[in-house]
Amino acid sequence: GAVVSQHPSWVICKSGTSVKIECRSLDFQATTMFWYRQFPKQSLMLMATSNEGSKATYEQGVEKDKFLINHASLTLSTLTVTSAHPEDSSFYICSARGGLAGVGTQYFGPGTRLLVL
Amino acid sequence: AQSVTQLGSHVSVSEGALVLLRCNYSSSVPPYLFWYVQYPNQGLQLLLKYTSAATLVKGINGFEAEFKKSETSFHLTKPSAHMSDAAEYFCAVSDNPPDKLIFGTGTRLQVFP
């Protein structure tokens, strides 16, 4: 139980294009989803927290107009990297948290590697 | 503010040896504590968690961790390392009631034959 999927797993795009990443909780309802960014050989950096049906809360230094987050249902959140540039290349990981999936526990997706050329 | 310190960015052990990965936390309230493992190019997998129940927590793959309030520690151990344990391990802390996770910098475990 408590499986989280991400799609796509890999994406390569040209500079200036927008990329959408989906995060789905497959077997539980995720009241809260989180988006992280991870640089090579580094820890996870929380970008934003989203609760179903409300606006995401962004961490300090994260551009909300650059990284659009939508949490339209209890099983789906999306991260859109708008007008992507090479410096946006990174490994993006989502996690989901929901009551029946374990109190306080975040379950992570497999990650999406973004390469902007 | 909460924080997590993982001592040792790299740990190397021989197959069959004891694994000890260190984690110390700072929190103003009784925390929730977690250990996650990350294999290359993958997301994080939950190994175990402490949520103010038993102080000795058993997780998957033979790992366990002990919450020691007096030492503000939550070290991860495994009696006998396997080659398949080679990965990056992250300790994380969250408030109680749970809020966002604060991650440590990670410890890369290498297992030699």
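Order of the sequence lines sets the chain letters (A, B, ...), proteins ahead of strands, with each chain counted from 1.
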Residues of residues 40-49 of chain A within contact distance of chain B, non-hydrogen under 4.5 Å:
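Answer by number: A/Gln42, A/Ser43, A/Leu44, A/Leu46.
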
What residues of residues 8-19 of chain B make heavy-atom contacts with chain A at a cutoff under 4.5 angstrom?
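No residue falls under the 4.5 Å cut-off.
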
Is any residue of residues 72-79 of chain B within less than 4.5 Å of chain A by heavy atoms, and which ones?
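Within residues 72-79 of chain B, no residue comes under 4.5 Å from chain A.
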
Verify the cluster assignment for [X] and [Y]: are they in a single hydrophobic cluster under the rule of side-chain heavy atoms below 4.5 Å apart?
X: B/Trp35; Y: B/Val93; result: yes
X: A/Trp35; Y: A/Tyr58; result: yes
X: A/Phe34; Y: B/Phe103; result: yes
X: B/Leu48; Y: B/Leu101; result: no
X: B/Met83; Y: B/Phe112; result: no

Side chain to side chain contact (heavy atoms under 4.5 Å, CB included), that's the test. Do A/Thr32 and B/Lys100 meet it? Break it down for me.
CA-CA 10 Å; A/Thr32 307; B/Lys100 56 190 177 184; over 6 Å; no

Quick check for you: to the nearest 0.5 Å, what is the distance between B/Asn41 atom CG and A/Trp10 atom CH2?
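Interatomic distance, B/Asn41 CG to A/Trp10 CH2, rounded to 0.5 Å: 6.5 Å.
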
Take a 6.0 Å sphere around [atom1] of [X] and say whether it holds more than 12 heavy atoms from other residues, nucleotides or ligands.
X: A/His7; atom1: NE2; answer: no
X: A/Arg113; atom1: CZ; answer: yes
X: A/Lys64; atom1: NZ; answer: no

Based on non-hydrogen pairs under 4.5 Å, which of A/Pro110, A/Gly109, A/Cys94 is most in contact with chain B?
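Ranked by heavy-atom pairs under 4.5 Å with chain B, first place is A/Pro110.
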
Partner of A/Phe108 by ring-ring contact (aromatic ring centres under 6.0 Å, His included), out of B/Phe34, B/Phe90, B/Tyr36
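Running ring-ring contact (aromatic ring centres under 6.0 Å, His included) over B/Phe34, B/Phe90, B/Tyr36 with A/Phe108 returns exactly one hit, B/Tyr36.
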
Tell me, for [X] versus chain A, whether the close heavy atoms (under 4.5 Å) come from the side chain, the backbone, both or neither.
X: B/Leu46; result: side chain
X: B/Tyr39; result: neither
X: B/Gln38; result: side chain

Heavy-atom distances under 4.5 Å only: say whether A/Gln38 touches chain B with side chain, backbone, both or neither.
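Side chain only.
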
Which ILVMFWY residues can you reach from A/Leu76 by hopping between side chains whose heavy atoms are under 4.5 Å apart?
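Reading the cluster by chain and number, A/Leu76 sits alone, since nothing else belongs.
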
